[in-house]
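Okay, so here's the structure we're looking at.
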Amino acid sequence: MDIEEARSAATESGLDLVEISPNATPPVCKILDLGKLKYQNQKKAAEARKKQKTVEVKEIKMRPNIDTHDYDVKMKAMNRFFESGDKVKVTLRFRGREMAHQQLGMQLLQKVKDDTIDIAKVEAEPKLEGRQMMMVLAPR
């Protein structure tokens with residue numbers, strides 16, 4: 001349809017001529033109420049924002065010489081975080097002479113990695129920053 005014909009048809013019906021896809025050859029236009037279209041797009045965007053889930057990074061702090069029961073409690077919390085879709089940052093803090101035994105920290109983080117292998121993937125491998133060793137895990 002010619003542009004002038006489309007414009008006259010739109011004014012006759014009391015609506016607007018709205019360009020839907022300008023990159024098409026020829027460009028595609030529709031006769032509709034522009035205010036109503038904007039309102040519907042705004043509602044659709046608000047609904048999409050409401051439904052989206054923000055991924056949080058939860059932190060679990062440990063020490064290299066953690067006891068088995070304390071470790072189990074931390075692992076339960078970690079599993080709960082993974083079920084709710086959050087990432088987990090495992091922080092291992094070394095104090096005093098523990099810095100001389102960094103391999104114990106690496107073994108502990110490797111144990112955490114092995115225990116969560118079926119429900120989480122490693123996003124950041126264990127690395128030492130000052131007196132802390134950190135690793136980031138994300139749910140599968």
Donor-acceptor contacts under 3.5 Å from residues 23-48 side chains, at least two apart:
none

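In this structure, Glu56 has no side-chain hydrogen bond (donor to acceptor under 3.5 Å, both in side chains) partners at least two apart in sequence or on a different chain. Under the rule for a salt bridge (charged side-chain N to carboxylate O under 4.0 Å, His left out), the partners of Glu4 that lie at least two apart in sequence or sit in another chain are Arg7. When the side-chain hydrogen bond (donor to acceptor under 3.5 Å, both in side chains) test is applied to Asp2, no partner is found at least two apart in sequence or on another chain. When the salt bridge (charged side-chain N to carboxylate O under 4.0 Å, His left out) test is applied to Glu59, no partner is found at least two apart in sequence or on another chain. Under the side chain to side chain contact (heavy atoms under 4.5 Å, CB included) criterion, Ala124 pairs with Val136, sequence neighbours left out. Residues passing the side-chain hydrogen bond (donor to acceptor under 3.5 Å, both in side chains) test with Gln107, sequence neighbours excluded: none.
A salt bridge (charged side-chain N to carboxylate O under 4.0 Å, His left out) check over residues 79-92, counting only residues at least two apart or in different chains, returns the pairs Lys53-Asp86, Lys87-Glu123. Every pair passing side chain to side chain donor-acceptor pair (under 3.5 Å) that includes a residue from residues 124-140 is listed here, sequence neighbours excluded: Lys113-Glu125. Sequence neighbours left out, not one pair with a member in residues 9-19 passes side chain to side chain donor-acceptor pair (under 3.5 Å). Here salt bridge (charged side-chain N to carboxylate O under 4.0 Å, His left out) pairs that include residues 95-105, with residues two or more places apart or in two chains, are Arg63-Glu98.
Grouped with Met135 in one hydrophobic cluster are Ile60, Met62, Ile66, Tyr71, Met75, Met78, Phe81, Phe82, Val88, Val90, Leu92, Phe94, Met99, Met106, Leu108, Leu109, Val112, Ile119, Val122, Leu128, Met133, Leu137, the linkage being side-chain heavy-atom contacts under 4.5 Å among Ile, Leu, Val, Met, Phe, Trp and Tyr residues.
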